[in-house]
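Take a look at the structure set out below.
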Amino acid sequence: MTITQKEAFDLVLMKFIDAHLDLYGFIQTKTICEQFHMHRTRASKAMTEYRNAKPSNTRYNVNDKRHEKSYTFEKEFLKTSSLEFLNSVEVVFETETSNLQGKSQNE
């Protein structure tokens, strides 16, 4: 079975949400926007898709404007280590500015 590039990216988003909730106990759409350089509406759509796939995993905290891990949380999409996955995403999706900063320090 072959998946499209969009489907593969969407799966990475779902795994990212799983991993972030698992390690930090919450996630904000702002976090997704910053990590993947996407518009807020796309990040909100990803959170909606995540909640639809596993409604019992999160609850929305209106005061803090964030999605929090529920007591019955179980990773739905990620089958590996959350820390390893987040570290990998950081390497793959690092910003160009951090690359440029590294180059100027090495020169």
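In this structure, CG on Leu13 lies 10.0 Å from CD on Gln35, to the nearest 0.5 angstrom. Rounded to the nearest 0.5 angstrom, Phe77 CZ and Thr80 OG1 are separated by 14.0 Å. Summarising the geometry, atom CG belonging to Leu21 is positioned 9.5 Å from atom OG belonging to Ser82; distances are rounded to the nearest 0.5 Å. The distance from the CG atom of Asp22 to the CG atom of Leu78 is 8.0 Å, given to the nearest 0.5 Å. Rounded to the nearest 0.5 Å, atoms OG (Ser88) and CG (Leu83) are 9.5 Å apart. The OG atom of Ser44 sits 11.5 Å away from atom CD of Gln28, with the distance rounded to the nearest 0.5 Å.
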From CA spacing to verdict: ring-ring contact (aromatic ring centres under 6.0 Å, His included), Phe36, Phe93: CA-CA 7 Å; Phe36 295 100; Phe93 291 95; 4.8 Å; yes
Given Phe26 and Asp64, is the side chain to side chain contact (heavy atoms under 4.5 Å, CB included) satisfied, shown in steps? CA-CA 10 Å; Phe26 69 92; Asp64 294 331; over 6 Å; no
Run the numbers on Ser56 and Lys54 for side chain to side chain contact (heavy atoms under 4.5 Å, CB included), then give the verdict. CA-CA 6 Å; Ser56 62; Lys54 186 77 172 188; 3.8 Å; yes
Could you walk me through whether Arg66 and Ile27 pass the side chain to side chain contact (heavy atoms under 4.5 Å, CB included) test, one step at a time? CA-CA 6 Å; Arg66 65 186 192 179; Ile27 191 166; over 6 Å; no
Please assess Met47 against His67 for the test side chain to side chain contact (heavy atoms under 4.5 Å, CB included), listing each intermediate value before the final yes or no. CA-CA 9 Å; Met47 280 306 309; His67 303 270; 3.4 Å; yes
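Counted within 6.0 Å of CD on Glu7, heavy atoms from surrounding residues, nucleotides or ligands total more than 12; the atom is thus considered enclosed.
Inter-residue side-chain proximity for Ser70 and Thr58 is flagged as unmet; no heavy-atom pair is nearer than 4.5 Å. Residues Leu11 and Lys15 form a side-chain contact, since some pair of their non-hydrogen atoms from C-beta on lies under 4.5 Å apart. At a threshold of 4.5 Å between non-hydrogen side-chain atoms, the residues Thr31 and Phe16 count as touching. The side-chain heavy atoms of Met14 and Glu76, taken from C-beta on, include no pair separated by under 4.5 Å. Put simply, the side chain of Lys75 does not reach to within 4.5 Å of the side chain of Phe85, judged on heavy atoms. Counting heavy atoms from C-beta outward, Tyr24 and Leu86 have side chains that approach closer than 4.5 Å.
A salt bridge does not link Arg51 to Glu49: none of the charged nitrogens lies less than 4.0 Å from a carboxylate oxygen. Between Asp18 and Lys79, none of the side-chain N atoms (NZ, or NE/NH1/NH2) sits under 4.0 Å from a carboxylate O, so this pair counts as no salt bridge.
Note on Phe9 and Val91: separate hydrophobic clusters, where clusters join Ile, Leu, Val, Met, Phe, Trp and Tyr whose side-chain heavy atoms are under 4.5 Å apart, directly or indirectly.
Heavy-atom minimum distance, Arg42 versus Met38: CG-SD, 3.5 Å. The two residues Ala43 and Thr29 come nearest to each other via the heavy atoms CB-O, 3.7 Å.
A search for salt bridge (charged side-chain N to carboxylate O under 4.0 Å, His left out) contacts involving Lys69 returns nothing, not counting sequence neighbours.
Judged by the 6.0 Å distance and 45° axis criteria, Arg59 is positioned over the aromatic ring of Tyr71.
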